[in-house]
Structure formats: C-alpha cells, structure tokens
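Data first, discussion second: the structure below is written as structure tokens.
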Amino acid sequence: MRLSKLTYEGRSSNVVAISPDGKYIAYVLKSDGKQAMMVRQVSNGGGAEIIPPADADYNGLSFSPDGNSIYYAYAKNDMVNDLYEIPVLGGSPRKILSNLGEKLAFSPDGQKLAYITAQTSIMISDIKGESPQLSVNFPSGSRASQLTWRPDGKSIVALVFSSDEKGYLTEFSLADGSQKQIPTPPWDRATGLRFLADGSGLILAGRDFDTQFAQIWFISYPNGEIKKITNDLNTYIDLSLTADNKSLVTIKNERLFNIWIVPDGKTEKAKKITFEEGKDEGIGGITQTLDGKIIYTVRKAGLFDLWVVNQDGSDNHQLVFNKNSNMIPI
C-alpha cells in the first residue's frame with residue numbers, strides 16, 4: 001500500500017470523491033463557516049474552485065460513471081439534502097432530486113441511481129432523477145446511512161441500523177425485495193461503503209465497537225470476513241474508488257487532544273502538560289482536586305480510564321485499571 005497526501009489546506013470537510021479514471025478528486029473546503037467545492041488533478045496538484053463558498057453543507061460527493069459530472073448532496077438551513085449535478089470543470093448546477101440521504105450509488109451500467117430517503121427507504125431512479133420508484137422499505141425502527149450496488153446489478157447492500165443503534169450490512173434483492181445480513185460484527189458508524197468491481201468484497205470506512213477508531217476495512221463477500229486496510233490512531237472519513245479499484249481516496253482526520261494549564265485565564269501563558277497522541281486525553285472528562293492534581297480520561301482500545309497528573313506535567317500515571325469505561329470524574 002502506498003499513501004499519498006493530496007491536499008495541504010487542513011480545512012477539508014467530511015466528503016471526497018475520485019473520478020473513475022483516477023485523474024481528479026472532488027472535495028469541499030471549509031472557511032469562516034462557509035463551504036466551497038474544489039476539483040483537483042491528482043497528477044500535478046492543480047485545481048480550481050467550481051462552486052464558491054456558501055452557507056450550506058455538502059453531504060456526499062460522487063463522480064458520474066462517465067467521469068463528466070459530479071453529483072452532490074447539498075443542504076441549507078433546513079438540513080434537507082437536495083441532489084445536484086455539475087460539470088467536472090464547473091458550470092451551472094442542475095437539481096436532480098429532493099429529500100434524499102447523504103449517499104447515493106450508481107448502477108453497474110451507469111444508467112440508474114439508488115438513494116436513501118428519510119433514512120427508511122431505498123429509491124431507484126434514472127440517472128437524471130426521473131421516474132423514481134420505491135425499491136425497499138427498511139424494517140420498522142431501523143434507519144440506513146450507506147448503500148452500494150452489487151456489480152451484477154441484482155442487489156443493493158446498505159448499512160442498516162437497528163433500534164439498538166448497531167449497524168449491520170444488509171443485502172436487498174432487487175428482484176423480490178428479500179433481505180439477508182452479511183455476517184460481520186456490528187458497526188458503530190460508517191461514512192463510506194463501496195463494492196469492489198469484481199464483486200469479491202466491499203470497502204467500508206467505519207468505526208467498530210471494539211477499537212472505536214474509524215478505519216478503512218475490507219469485507220469479503222458473501223462470507224463477511226473483515227480485515228483492516230488502515231491500522232493506526234487516525235480517523236478516516238468517507239471513501240471513493242477508481243473504476244479499476246487500484247486506488248481509493250479518503251479523508252484522514254488527525255485527532256489530538258491534550259491537557260493544558262492556563263494560569264489565571266491568560267492564554268498567552270498556556271502550557272501543555274500531557275503529550276500523548278491518539279488517546280483522546282480529557283475528552284471523556286477532566287477535573288481538578290483540592291490539592292491541584294488533575295484527573296482526566298485517556299481512551300485506549302475503545303475504553304476510557306482515569307489518569308492523574310500534576311500541574312507541572314510531572315507524575316503522570318494511570319489511576320484506575322479495569323475493563324470498563326471510566327468517565328466524567330468529579
């Protein structure tokens with residue numbers, strides 16, 4: 001595996017897409033509360049803004065199968081996503097659909113769209129958003145956030161969350177609506193899901209319950225065996241594949257939480273007193289004892305433990321040892 005960094009602004013949002021031929025990426029930049037859509041060439045880094053900054057959220061990007069257009073879910077203040085299409089090199093956006101979920105999937109022949117509406121149903125339309133038809137209703141109390149079309153066109157796999165808030169990969173037959181689970185462990189959340197072109201498996205960007213780290217996973221089909229493509233302390237959000245499946249693009253979100261002391265509220269004198277990376281220090285709670293020691297949380301392998309440190313950073317050590325999550329010290 002070879003990793004290449006494509007952008008350096010540090011302001012990318014949570015959506016990204018790569019063109020089928022791997023020559024372009026589309027992504028969104030955040031600045032001053034606004035979001036703008038960008039297109040960049042992979043080979044030389046040259047790029048351009050194709051939609052100027054606006055007070056709205058982009059909640060999904062996809063290149064059309066022919067690579068000529070970008071489809072994107074766009075939500076304004078009412079937080080309802082509308083689907084638009086815009087030429088890759090810019091132009092006038094065209095509205096395709098209203099009231100859809102964040103992600104869509106193109107059929108293998110590139111002639112149809114599948115999308116989630118109201119988190120409870122899968123709809124299918126032609127590529128221009130016309131003639132929408134209900135394909136699948138999810139079970140009562142369930143919701144879905146991701147979907148992908150099987151390469152032979154016979155079924156759609158969606159990540160469906162049951163009433164216990166656990167996500168399961170569920171395959172829906174387009175012939176009769178029958179459904180079956182792909183036997184993987186449950187998922188805490190996911191931000192991307194795509195079938196490999198040969199149908200041998202799926203690629204998922206998501207967080208499992210064991211480690212609680214959002215990684216990129218390979219899931220064999222149909223037996224559901226899983227293995228990590230990435231394996232580190234970073235968070236990976238969204239994913240997109242080239243047509244030949246030789247490359248994928250994703251967003252790496254580097255999490256860094258440390259404990260700082262700010263004497264008398266004077267920020268210019270702030271001093272960092274813990275230095276771990278990827279352990280979410282303090283995010284599960286922090287407090288100070290009467291004699292000035294600081295009690296805070298550290299997350300390891302998905303669980304929080306309590307640690308204690310002096311105000312000068314000395315004597316930093318774990319305070320509580322067990323197999324539960326220990327949080328919110330007071």
Subject >> SB check K95 D82 (cutoff 4.0 Å) >> reply: yes

Original post:
Salt bridge between R40 and E9, side-chain N to carboxylate O under 4.0 Å?
Top reply: yes

Hey, could you give me the [atom1]/[atom2] distance between [X] and [Y], rounded to the nearest 0.5 Å?
X: K30; Y: S13; atom1: NZ; atom2: OG; value: 6.5 Å
X: K279; Y: F257; atom1: NZ; atom2: CZ; value: 15.5 Å
X: L193; Y: I219; atom1: CG; atom2: CD1; value: 7.0 Å

Original post:
F161 ring centre to R143 NZ or CZ under 6.0 Å, with the angle to the axis within 45°?
Top reply: yes

**OP:** Examine R11 relative to Y27 and say whether NZ or CZ is less than 6.0 Å from the centre of the six-membered ring and inside a 45° cone about the ring axis.
**Re:** no

Subject >> Parallel, tilted or perpendicular, as decided by the 30° and 60° cut-offs, for the rings of Y58 and Y72 >> reply: tilted

Original post:
Which class fits the ring pair Y296 and W307: parallel under 30°, tilted 30 to 60°, perpendicular over 60°?
Top reply: tilted

Is a side-chain donor or acceptor of [X] paired with a backbone partner of [Y] at a separation under 3.5 angstrom?
X: Y71; Y: I127; value: yes
X: Q215; Y: N231; value: yes
X: T274; Y: I259; value: yes
X: S240; Y: I18; value: yes
X: N234; Y: K252; value: no
X: T242; Y: S247; value: yes
X: N258; Y: E276; value: yes
X: T191; Y: I237; value: no

Say whether [X] and [Y] are linked into one hydrophobic cluster, either directly or through other cluster members, by side-chain heavy-atom distances under 4.5 angstrom.
X: I283; Y: V298; value: no
X: L239; Y: F218; value: yes
X: M123; Y: L97; value: yes
X: Y84; Y: I70; value: yes
X: L6; Y: V16; value: yes

Any side-chain heavy atom of [X] sitting closer than 4.5 Å to one from [Y]?
X: I295; Y: I286; value: no
X: V160; Y: Y168; value: no
X: V88; Y: F63; value: yes
X: S125; Y: S131; value: no
X: L204; Y: L169; value: yes

Any idea which heavy atoms bring [X] and [Y] closest together, and the distance?
X: L147; Y: A105; answer: O-CB, 3.9 Å
X: I216; Y: A205; answer: CD1-CB, 3.6 Å
X: N14; Y: D238; answer: O-CB, 3.6 Å
X: L241; Y: F195; answer: CD1-O, 4.0 Å
X: S107; Y: D109; answer: OG-OD1, 2.6 Å
X: D305; Y: N324; answer: OD1-O, 4.1 Å

**OP:** Could you please spell out the steps behind the side-chain contact (heavy atoms from CB on, under 4.5 Å) verdict for N253 and Y236?
**Re:** CA-CA 6 Å; N253 187 344; Y236 293 91; over 6 Å; no

**OP:** Mind running salt bridge (Lys or Arg N to Asp or Glu O under 4.0 Å) on D291 and K293 for me, showing each step along the way?
**Re:** CA-CA 6 Å; D291 59 359; K293 295 183 182 295; 5.3 Å; no

Subject >> Contacts of S121 that satisfy side chain to side chain donor-acceptor pair (under 3.5 Å) - sequence neighbours left out >> reply: N137

Subject >> side chain to side chain donor-acceptor pair (under 3.5 Å) between E171 and Y221, intermediate numbers included >> reply: CA-CA 11 Å; E171 184 175 8; Y221 177 85; 2.7 Å; yes

Original post:
Regarding D57 and Q35, is there a side-chain donor-to-acceptor distance under 3.5 Å anywhere?
Top reply: yes

**OP:** I would like to know whether S64 and N68 meet side chain to side chain donor-acceptor pair (under 3.5 Å); could you show each step before the answer?
**Re:** CA-CA 6 Å; S64 60; N68 293 327; 5.9 Å; no

Subject >> Evaluation steps, side chain to side chain donor-acceptor pair (under 3.5 Å), between T170 and Q181 >> reply: CA-CA 4 Å; T170 306; Q181 282 190 11; 4.9 Å; no

**OP:** Would you please name every residue forming a side-chain contact (heavy atoms from CB on, under 4.5 Å) with D126, sequence neighbours left out?
**Re:** K128, E130

